[in-house]
Amino acid sequence: MDQLRFYSTLSKKIEAFKPIKDKKVNLFVCGPTVYDFAHIGNAKTYTQFDFMVRYLRFRGYEVFYLQNITDIDDKIIKRAAERGVGWKKLAGEFEQKYLEDMQALHNTAVNQYARATDYIPQITKQVKVLLGKGYAYKTSDGIYFDIGKFPDYGKLSGRTEGSRDDAVSRIDESRDKKNKNDFALWKFSKPGEPVWETELGAGRPGWHIEDTAITESFFGPQYDVHGGAVDLIFPHHEAEIAQMEAASGLSPLVRYWIHVAFLNINAEKMSKSKGNFLTAREATEKYGYRLLRYFFISQHYRTTLDFSEQNLAQAKGALTRLDEFVLDLDTRYEDNKNQEDTKKLKVEIVAKLDNDWDTPGAIASIFNFIRQQHTRGKSGKNVYRLFQELNQMFDFLDFGVPKIADGVQKLVDSREQLRKEKKFTEADDLRKKIAEMGYEIKDTAEGVKVNKI
Ligand code: AMP
């Protein structure tokens, strides 16, 4: 099989993927700031990374997928104060809700979640190194990174300045900073704010430092893949590079940077003030995880996704066609005639996904295959096995509720009638006949249940 290639924001090119060590992949994706429910934009980002990691595993890579949880941040402190609850309680509750939402979406690929506040000693150590090497300096309100000392600042995003359009700026204002765009590593706490007594002084971490402290703890100063949505490229990921490369003297921090595009609603930016805001939880309840996964995965990760009823209806139509095909598969039928075609389909899908995760292309291949199968009579075991294998990464197919062939349903009904007439021997004969056709019958308190064997 060929080589996986994908786009890296750092080189701005599609590159062949070669992990630092053999087939081991250390991969980090920025996790949520837990001050509110995850929204569907977050859900899209995390579902697309879940898919990518599952694909890497499908391709035989041994992936360690790490995600942080930002459980201390200005937004958390502000929201906790508004609600009159402690910041820790608020963060704890929304972390729990986030994890539930990810489970509901079947985003299960993460190996380890790491909470920022569990890494204060590592954060302290990193800031001390930066102070010691002259990359960081103290002001009256915190410790800042001096971007003037790091010539590579801007190599990821192509800029060193924030702009008004940035979705998340978080470049902290401070009167006595050396450069306007220097960012906080450590913030001396104001009264009433959470505080950690460390060698840096009583305070709390800046936003960017938690990620490099966490990744250094798990992966060391260099690792394979870092992901997030495009809004995080500047300043967040730029800052991570500066912090870790300055502290370690090693470059690059990360070999491949993957950024997924944003989700809009009805072609508009999603925002609470516009009233077009939908949480991941509401969406999963309304549409079901399979449709959402199909919708998110079937779009290319670098294309902005428009969440609209019309686009969802289209996705639903496609998913229904997939469901009908899958549920019609005869799992007892040795469809040797399909051996070659299923092999070919798998190779085609891998070729598409190896090409910068071309999910629309891979899904188009599946539909072409289904069209071809429809012209060839029934499909059986080979196809079923391949679709189960593919679903290890897609996880939007449904194998659960088999459609019972008409003929079988008639026999089930006749057996019921015979049982009512107490003709048990004949009823048992029918049960055997039904079993030969690949279905098992269970008589339960709620009535007869029929399942594919
Ligand atoms: P946050 O909790 O705000 O830090 O966001 C968590 C993740 O969701 C980050 O990777 C963001 O870049 C991403 N994200 C935020 N808004 C959107 C959106 N509208 N579409 C896609 N991803 C988003």
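No experiment lies behind these values; they were computed from the predicted model shown. Each ligand, and each atom within it, is numbered from 1 in the order the structure gives. Side-chain atoms are counted along with the backbone in the values below, which use heavy atoms only and exclude waters and symmetry mates.
Between His208 and His236, the angle of the ring planes lies from 30° to 60°, which puts this pair in the tilted group. Relative ring orientation between Phe387 and Phe325 is described as tilted, the plane-to-plane angle lying within the 30° to 60° band.
Geometrically, ligand 1 and Leu263 share a nitrogen or oxygen pair separated by less than 3.5 Å. Polar contact with ligand 1: absent for Lys44 (N/O pair, distance under 3.5 Å). For Gly228, no nitrogen or oxygen atom sits less than 3.5 Å from a nitrogen or oxygen atom of ligand 1, counting backbone and side chain alike. Considering backbone and side-chain atoms alike, Lys75 places every N or O at 3.5 Å or more from each N or O of ligand 1.
Proximity to Ala229 (heavy-atom distance under 4.0 Å) selects the following atoms of ligand 1: 10 (O), 11 (C), 12 (O), 13 (C), 22 (N). Short contacts between ligand 1 and Leu232, defined as distances under 4.0 Å to a heavy atom of the residue, involve ligand atoms 9 (C), 10 (O), 12 (O). The ligand atoms of ligand 1 that sit less than 4.0 angstrom from a heavy atom of Pro32 are 2 (O). Set against the non-hydrogen atoms of His39, the atoms of ligand 1 under 4.0 Å away are 15 (C), 16 (N), 17 (C).
By the 6.0 Å and 45° rule, Lys44 does not stack over the aromatic ring of Phe296. For the pair Lys133 and Tyr135, the cation-pi criterion (under 6.0 Å, within 45° of the ring axis) is not fulfilled. The side-chain tip of Arg302 points at the ring of Tyr7 from less than 6.0 angstrom away and within 45° of straight on. Both cation-pi conditions hold for Arg321 and Phe367: the charged atom is under 6.0 angstrom from the six-membered ring centre and inside a 45 degree cone around its axis.
Residue Thr45 touches ligand 1 through its side chain alone, judged by heavy-atom distances below 4.0 Å.
For atom 12 (O) of ligand 1, the nearest non-hydrogen atom from the set Val260, Leu305, Asp231 belongs to Asp231.
Ring pair Tyr46/Tyr98: centre-to-centre distance below 6.0 Å.
Judged purely by atom type and a 3.5 angstrom limit, Asn68 has no side-chain atom pairing as donor or acceptor with the backbone of Ala114.
Residue contact check for ligand 1: Lys269 places no non-hydrogen atom closer than 4.0 Å to it.
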